[in-house]
Amino acid sequence: QVQLVESGGGLVQAGGSLRLSCTASGNIFRINAMAWYRQAPGKQRELVASETTGSSTNYADSVKGRFTISRDNAKNTIYLQMNNLKPEDTSVYYCNANIATILHRLYADDYWGQGTQVTVSS
């Protein structure tokens with residue numbers, strides 16, 4: 001059906017920037033929405049940023065003004081630009097997309113990436 005592959009994680013100093021990418025592949029007919037989540041050890045999964053196709057974006061209060069979610073429709077790729085990173089941003093980041101496939105164009109399902117580690121040092 002659909003596979004999401006993430007990249008761009010790594011180690012960065014506080015105040016630095018990282019750009020996460022998530023590319024969707026498979027029998028994609030339409031991407032209805034996309035989002036980035038994160039989950040730190042011992043903590044619950046947190047919605048970081050989301051966007052519905054043709055609609056406004058939404059961000060967690062903790063990342064507003066620092067993170068930007070975007071999409072390249074031609075490449076079926078989702079991005080998360082992270083600026084002014086803080087140690088508390090350290091987490092595993094997961095991309096999520098609501099996608100309708102070519103075979104089932106009127107039904108959409110959620111797909112997840114494998115996760116990428118982001119570590120911010122102080």
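Here the structure is a predicted model, which is why all the values come from computation and not from measurement.
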With rounding to the nearest 0.5 Å, note down the distance linking [atom1] in [X] to [atom2] in [Y].
X    : Y    : atom1 : atom2 : result
T68  : M82  : OG1   : CE    : 11.0 Å
I78  : I31  : CD1   : CD1   : 6.0 Å
M34  : N76  : CE    : CG    : 11.0 Å
R105 : L103 : CZ    : CG    : 8.5 Å

Quiz item: Side-chain heavy atoms under 4.5 angstrom apart, residues restricted to Ile, Leu, Val, Met, Phe, Trp, Tyr: same cluster for V63 and I69?
Solution: yes

Exercise. State plainly whether one hydrophobic cluster holds both V92 and V48, where clusters connect Ile, Leu, Val, Met, Phe, Trp and Tyr through side-chain heavy atoms under 4.5 angstrom apart.
Key: no

Minimum heavy-atom separation for [X] to [Y], with atom names?
X   : Y    : result
A14 : S122 : CB-CA, 4.3 Å
E51 : R71  : O-NH2, 4.3 Å
I99 : A24  : CD1-CB, 4.3 Å
N98 : D110 : ND2-OD1, 2.9 Å
A97 : L4   : N-CD1, 4.0 Å
R38 : S62  : NH2-OG, 3.3 Å

Is there side-chain contact between [X] and [Y], with heavy atoms separated by less than 4.5 Å?
X   : Y   : value
I28 : R30 : no
W36 : L47 : no
K75 : T23 : no

Exercise. Name all residues meeting the side-chain contact (heavy atoms from CB on, under 4.5 Å) criterion together with K43; count only those two or more places apart in sequence or in a different chain, and write none if there are none.
Key: A40

Self-check item: Residue list, side-chain contact (heavy atoms from CB on, under 4.5 Å) with S7, at least two apart or on another chain
Solution: S21

Practice problem: Only pairs at least two apart or in different chains count here, so list each disulfide (SG to SG under 2.5 Å) that has a residue in residues 86-122. | Solution: C22-C95

Exercise. Would you sort out whether N83 and S17 count as a side chain to side chain donor-acceptor pair (under 3.5 Å), showing the intermediate values?
Key: CA-CA 4 Å; N83 298 324; S17 299; 2.9 Å; yes

Self-check item: Residue pairs, two or more places apart or on separate chains, that pass ring pair (Phe, Tyr, Trp, His ring centres under 6.0 Å) and touch residues 68-110
Solution: none

Quiz item: Are any of the side-chain nitrogens in K86 or D89 under 4.0 Å away from the carboxylate oxygens of its partner?
Solution: no

Quiz item: Between N27 and T101, is any side-chain donor less than 3.5 angstrom from a side-chain acceptor?
Solution: no

What side-chain donor-acceptor pairs closer than 3.5 Å can you find for residues 111-118, not counting sequence neighbours?
{"residue": "Y111", "atom": "OH", "partner": "Q1", "partner atom": "OE1", "Å": "3.0"}
{"residue": "W112", "atom": "NE1", "partner": "N96", "partner atom": "OD1", "Å": "3.4"}
{"residue": "Q114", "atom": "OE1", "partner": "E6", "partner atom": "N", "Å": "3.2"}
{"residue": "Q114", "atom": "NE2", "partner": "E6", "partner atom": "O", "Å": "3.1"}
{"residue": "T116", "atom": "OG1", "partner": "G9", "partner atom": "N", "Å": "3.2"}
{"residue": "Q117", "atom": "NE2", "partner": "S91", "partner atom": "O", "Å": "3.4"}
{"residue": "Q117", "atom": "NE2", "partner": "T119", "partner atom": "OG1", "Å": "3.4"}

Exercise. Output the rest of the hydrophobic cluster of F29: all Ile, Leu, Val, Met, Phe, Trp and Tyr residues reachable through side-chain heavy-atom contacts under 4.5 Å, sorted by chain and number.
Key: I102

Practice problem: May I ask you to check whether over 12 heavy atoms, not counting those of L106, lie within 6.0 Å of atom CG? | Solution: no

